[in-house]
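Since the structure comes first, as structure tokens, the remarks are kept for the end.
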Amino acid sequence: MDNFSPSIRSWFRLNHRRLPWRGSKDPYIIWLSEIILQQTRVEQGKPYFQRFTDHFPDIQSLANASEQEVLNLWQGLGYYSRARNLHATAKHISENLNACFPNSYRELLKLKGVGPYTAAAISSIAFDEKAAVVDGNVYRVLSRVFDIATPIDSTQGKKEFQQLADELITDEDPGDHNQAIMELGATICTPSNPDCGHCPLNDKCLAYARGVISARPVKQGKTKTRDRYFHYLVFDNDAETIIVKRTEKDIWQHLFQFPLLEGESIEELLPNGFHSVSPTIKHILSHQRIYARFYHYNFIPELDDSWKKIKWSDIEDHPLPALIDKYLESVRAEN
DNA sequence: AATACGGGGAT
DNA sequence: ATCCCAGTATT
């Protein structure tokens, strides 16, 4: 399809959303926005982008920060390895690459937290390299326009869609081309109720012509969830509390939380004398359900080395999982 | 080739 | 309740 790229690019010029990172060619800004937007909706990422650019206007300031500081700003956004990799990569570029941002797809791909999508996004937008992005939007748009039924979460599918995207991108404005497909997927060619009437590709969209839009893209994935039961012990003497840092290879790595007992049966886990002062909080994540319960105990016990006693007023300086943060909010609201 | 990794919004 | 989001790293 020879006029694919011109069609979407001219549509994009007239219809794109105004976003805080748009218009910048600074690889640091593009990189930062792309990391934040991985598996994250634009609206959810926006305030975080603002916070990060406020605190860290350039890569040097980010490299000079502590990991805890970075995680604290990331708090609530999820996929915290993105924040740890972001910080590590900033330090790496600052210390080993002479503060010079890698400027090609190949070199970008070597950075922690930068995969094929992000490397293509940065190199095309910041350096005008002809590298095609393939993200959730691209899968959807291409599977519909070309009516491709290969599952997008299969190895074959990834290969096929990347190859097609590579053929469609042009030498002219590869960055705009990439952003145009994604913008189309985000605003017109949406998962449900796509606005085909206003789509610049509706005259050549095969799935549209065949009436199979809702059947594209095809996904084989079975998202299985598992249940986990978290019982938090809040040692609470009004002035101080105890928190521990999660270090094991699991969710919320490097984040702080109250000491935790994990297991289904409350009775078997909970020591005598503890009592619940809050209702059970059920938290649903994409791939696991976390049932959390908080037990207050007004006594600070002898501490293990891994435990940390802090003032209640200092707890906000520590990166906490969104779940804990919400719990603290509800407690404060009661008082 | 599968699985782990968050949290929020839409349906 | 399920799906999906401007995906990547690990197993």
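In the text below, chain A, chain B and the rest are named by the order of the sequence lines, each starting its count at 1. Being a predicted model, the structure only gives us computed values, none of them experimental. Keep in mind that the numbers below use all heavy atoms, side chains included, and drop hydrogens, waters and symmetry copies.
When the side-chain nitrogen and oxygen atoms of A:Q39 are compared with OP1 and OP2 of C:dG7, one or more of them lie within a distance under 4.0 Å. For C:dC5, neither phosphate oxygen OP1 nor OP2 lies less than 4.0 angstrom from any side-chain nitrogen or oxygen of A:Y139. Here A:K112 does not reach the OP1 or OP2 of C:dG7: none of its side-chain N or O atoms lies under 4.0 Å away. Close to B:dG7, at under 4.0 Å from its OP1 or OP2, lies a side-chain N or O of A:W252. Regarding contacts with the backbone of C:dC5, a side-chain N or O of A:R140 is found under 4.0 angstrom from either OP1 or OP2.
Here the nucleotide nearest the side chain of A:T40, chosen from B:dG6, B:dA2, C:dA6, is B:dG6. You'll find that the side chain of A:T118 is closest to C:dT8, out of C:dT8, B:dC5, B:dG9. Of the listed nucleotides (C:dA6, B:dG7, B:dC5), B:dC5 has the atom at the smallest distance from the side chain of A:I251. Closest to the side chain of A:K249, out of C:dA6, B:dC5, C:dT10, is C:dT10. Comparing B:dA2, C:dG7, B:dC5 by their closest approach to the side chain of A:Q288 singles out B:dC5. Between B:dG9, C:dA9, B:dC5, one nucleotide has an atom nearer to the side chain of A:N85 than all others, and that is C:dA9. Closest to the side chain of A:R41, out of B:dT11, C:dC5, B:dG7, is C:dC5. When the nucleotides B:dT11, B:dC5, B:dG7 are ranked by their closest atom to the side chain of A:A322, B:dG7 comes out on top. For A:S192, the listed nucleotide lying nearest its side chain is B:dT11; candidates were C:dT8, B:dT11, B:dG6.
In this pair, A:Y28 and A:W31 present their aromatic rings tilted. The plane angle is within the 30 to 60° band. By the 30° and 60° cut-offs, the orientation of the rings of A:W74 relative to A:Y48 is tilted.
Between the P atoms of C:dA6 and B:dC5, the separation comes to 23 Å (whole Å).
When side chains are defined from C-beta on, A:F258 does not count as touching A:I242, because their heavy atoms never get closer than 4.5 Å.
A:T241 OG1 to A:L328 CG: the interatomic distance, rounded to the nearest 0.5 Å, is 8.5 Å.
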